[in-house]
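Accompanying notes for the structure given below.
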Protein chains: 2
Amino acid sequence: MDPNYDQESRSRSAPTGEIDNQPAEKKRRLTVEQVNMLEKSFEEENKLEPERKTELAKMLGLPQRQVAVWFQNRKARCKIMKIERDYDVLKACYDSLLAKHESVISENEKLKSKVFTLTEMLLPAAHQTQRNLQGKLNSKGDDETMSSSTALVPLANDHYFTNVDETFGWWVWPSNLM
Amino acid sequence: MDPNYDQESRSRSAPTGEIDNQPAEKKRRLTVEQVNMLEKSFEEENKLEPERKTELAKMLGLPQRQVAVWFQNRKARCKIMKIERDYDVLKACYDSLLAKHESVISENEKLKSKVFTLTEMLLPAAHQTQRNLQGKLNSKGDDETMSSSTALVPLANDHYFTNVDETFGWWVWPSNLM
DNA sequence: TTTTAATGTAATGGC
DNA sequence: GCCATTACATTAAT
C-alpha cells in the first residue's frame with residue numbers, strides 16, 4: 001500500500017558517515033532510523049541541550065549542526081501544526097456554541113409565547129377586578145361587549161414582549177392579585 | 001541596507017538534474033528589487049505560466065527554476081497566512097456570538113422569572129376555582145393556612161422552568177380561565 | 001508519460 | 001537559538 005521508498009537509495013552518504021565526504025553534493029533525506037530516533041528524542045524533550053545534541057549526533061552519525069537544524073525545523077513544523085489544531089478546536093467550540101445559541105433562542109421564543117399566553121389568561125381576572133372597582137364606583141356595569149382585545153388592559157402583542165423588562169411596566173397589578 | 005548579491009545562479013547537479021550550468025557557488029537571498037518585482041508579479045497573478053516565468057526570469061536575471069521555486073514557496077507562505085487570518089476572523093465571530101449568547105441567556109432568565117411571576121399571579125384564581133369545586137364536593141373549606149407554597153397547584157420552581165415545554169405540563173388550566 | 005500544484009523537508013543567513 | 005527564506009524532493013493530480 002505505502003510506497004516503500006528505501007532509505008538507502010536517497011542518502012548517498014553512509015549513515016555512519018560523519019561529514020559528507022562528497023564536496024559538491026548536498027546530502028538530503030535522513031534515513032528513517034535517524035528520523036525515528038530524532039522524533040523520539042524530540043517527543044521526550046522539545047529543547048535540545050548541547051550535551052544531548054552531541055550525544056544524538058554521535059549516535060546518529062550526523063554533524064551536530066544537522067541535529068540542531070533538524071530540531072529547529074521540527075519546532076517550526078510543530079508551531080504551524082499548533083495553529084491548525086487551534087483553528088479546529090475553535091471551530092468546534094464555535095459550532096457547539098452556535099447550536100447552544102440556537103437552542104436558547106428557540107427556548108426564548110417559547111418563553112415569550114408562554115408569557116403572552118399567561119398574560120391573556122390574566123386578562124379576565126384583571127377585567128373582573130376592574131369591574132368590581134367600577135361597580136363600587138358607579139354601581140353600573142355593562143361588560144358583555146368587552147372582549148379580551150378591548151379590555152381595559154392593553155392587549156399584549158409582540159412589541160411588548162420584545163423587551164422583557166418593560167412587558168408589564170405600564171400596568172399596575174390589582175392589589176388582590178399580588 | 002541590503003547586501004547586494006549578484007543574481008547569478010548557483011546549484012549543483014541534482015539527482016533529477018535541472019538545467020544547471022552556472023558554476024557559481026552558493027548565493028542565497030535575492031535582492032530586494034528582485035523580491036519586490038516577484039511580489040508584485042505574484043499579487044497580479046498567483047499562477048505562473050511558463051511564458052511569464054521566462055519573462056520574469058529574464059527580467060530578474062534569474063534561472064527559471066529559481067523563479068518557479070520562489071512562486072511555490074510564496075504560495076505556501078500565502079496558505080499559512082490565510083490560516084492565521086481565518087483563525088482571527090473565526091475568533092472574532094466566536095466572541096461576537098458569545099456576547100450575543102450571553103445576552104440571550106440573560107433575557108431568558110428574565111423571561112423565566114416573568115413566567116414564574118405570572119404563574120404565581122394566577123394561583124389565587126386557580127385556588128379560588130379549586131375552592132369552589134371543593135365547596136361543592138364536601139361543603140367544607142379551610143383555606144386560611146394555605147399559602148402559595150402549599151397551594152393545590154405545585155409551586156413553580158427553577159426545575160419547572162428549565163424546560164419550557166414542561167413548565168405547565170403537569171397542570172390543567174381551570175376551565176374558567178381558558 | 002510529462003507537467004505541475006501541493007506538500008514535506010533540509011539548509012542558509014540574519015538578528 | 002529563533003525566524004523567515006531559499007531550495008530541493010516527493011506525491012497527487014492532470
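Computed from a prediction, not measured in an experiment: that's the story for all the values here. Order of the sequence lines fixes the chain letters, A, B, ..., with proteins taken first and strands second; residue numbering starts at 1 for each chain.
- Straight-line distance from the CD atom of Gln72(B) to the P atom of dT6(D): 13 Å, rounded to whole Å.
- Scanning for side chain to side chain donor-acceptor pair (under 3.5 Å) contacts around Thr54(A) gives Gln64(A), with sequence neighbours left out.
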Which string of ( ) [ ] | and . matches DNA chain D, if you list each base 5' to 3' and count Watson-Crick or G-U pairs only when both distances are under 3.5 Å?
-> |||||||||||||.
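- Rounded to whole angstrom, the span from the CZ atom of Phe71(A) across to the P atom of dC2(D) amounts to 11 Å.
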Run the side-chain donor-acceptor check on residues 87-96 of chain B: report pairs under 3.5 Å with partners two or more places apart or on a different chain.
{"from": "Lys91(B)", "atom 1": "NZ", "to": "Asp95(B)", "atom 2": "OD1", "distance (Å)": "3.2"}
{"from": "Lys91(B)", "atom 1": "NZ", "to": "Asp95(B)", "atom 2": "OD2", "distance (Å)": "3.1"}

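- Annotation: proximity of residues 75-87 of chain B to DNA chain C (heavy atom, distance under 4.0 Å) is found for Lys75(B), Lys79(B), numbered in ascending order.
- The backbone N or O of Ala99(B) sits nowhere less than 3.5 Å from a side-chain atom of Ser103(B) that would complete a donor-acceptor pair.
- When the side chains of ILVMFWY residues are joined at heavy-atom separations under 4.5 Å, either directly or via intervening members, Met37(A) and Leu62(A) end up in a single hydrophobic cluster.
- In this model, the phosphate group of dT6(D) is not approached by any side-chain N or O of Gln66(B) to a distance below 4.0 Å at OP1 or OP2.
- Out of dA11(C), dG1(D), dC8(D), the shortest distance to the side chain of Asn73(A) is found at dA11(C).
- Taking atom CH2 of Trp70(A) as the reference point, atom P of dC2(D) lies 14 Å away to the nearest angstrom.
- We find that CZ of Arg29(A) is positioned 6 Å from C1' of dA9(D), with the value rounded to whole Å.
- Among the nucleotides dA7(D), dG13(C), dA10(C), the one closest to any side-chain atom of Val69(B) is dA7(D).
- Met81(B) places a side-chain heavy atom less than 4.5 Å from the side chain of Arg85(B).
- Listed by chain and residue number, Lys53(B) satisfy the side-chain contact (heavy atoms from CB on, under 4.5 Å) test with Ala68(B) (two or more places apart in sequence, or in another chain).
- When the side-chain nitrogen and oxygen atoms of Arg65(B) are compared with OP1 and OP2 of dC8(D), one or more of them lie within a distance under 4.0 Å.
- DNA chain C is contacted by Lys47(B) of residues 40-48 of chain B, taking any non-hydrogen atom closer than 4.0 Å.
- Contact between Pro63(B) and Ala57(B) at its shortest, heavy atoms only, is C-CB, 4.2 Å.
- Screening residues 67-78 of chain B for salt bridge (charged side-chain N to carboxylate O under 4.0 Å, His left out) gives Glu39(B)-Arg74(B) as the qualifying pairs, with residues at least two apart or on separate chains.
- Annotation: side chain of Leu98(B) is not in contact with side chain of His101(A) (no heavy-atom distance under 4.5 Å).
- Taking Asn73(A) as the reference, nothing meets the side chain to side chain donor-acceptor pair (under 3.5 Å) condition, with sequence neighbours excluded.
- For residues 31-72 of chain A, the set of pairs meeting the ring-ring contact (aromatic ring centres under 6.0 Å, His included) definition, not counting sequence neighbours, comprises Phe42(A)-Phe71(A).
- Pairs of residues two or more places apart, or lying in two chains, that qualify as side chain to side chain donor-acceptor pair (under 3.5 Å) and include a residue from residues 40-50 of chain A are Ser41(A)-Arg52(A).
- The structure places CG of Leu122(B) at 9.0 Å from OG1 of Thr119(A), a figure rounded to the nearest 0.5 Å.
- Residue Leu30(A) places its side chain closer to dA10(C) than to any other of dA10(C), dT6(D), dC8(D).
- Using a 4.0 Å cutoff on non-hydrogen atoms, no part of residues 50-58 of chain B comes near DNA chain D.
- The hydrophobic cluster containing Val104(B) also includes Val104(A), Ile105(A), Ile105(B), under a criterion of side-chain heavy atoms closer than 4.5 Å among ILVMFWY residues, counted directly or through chains of members.
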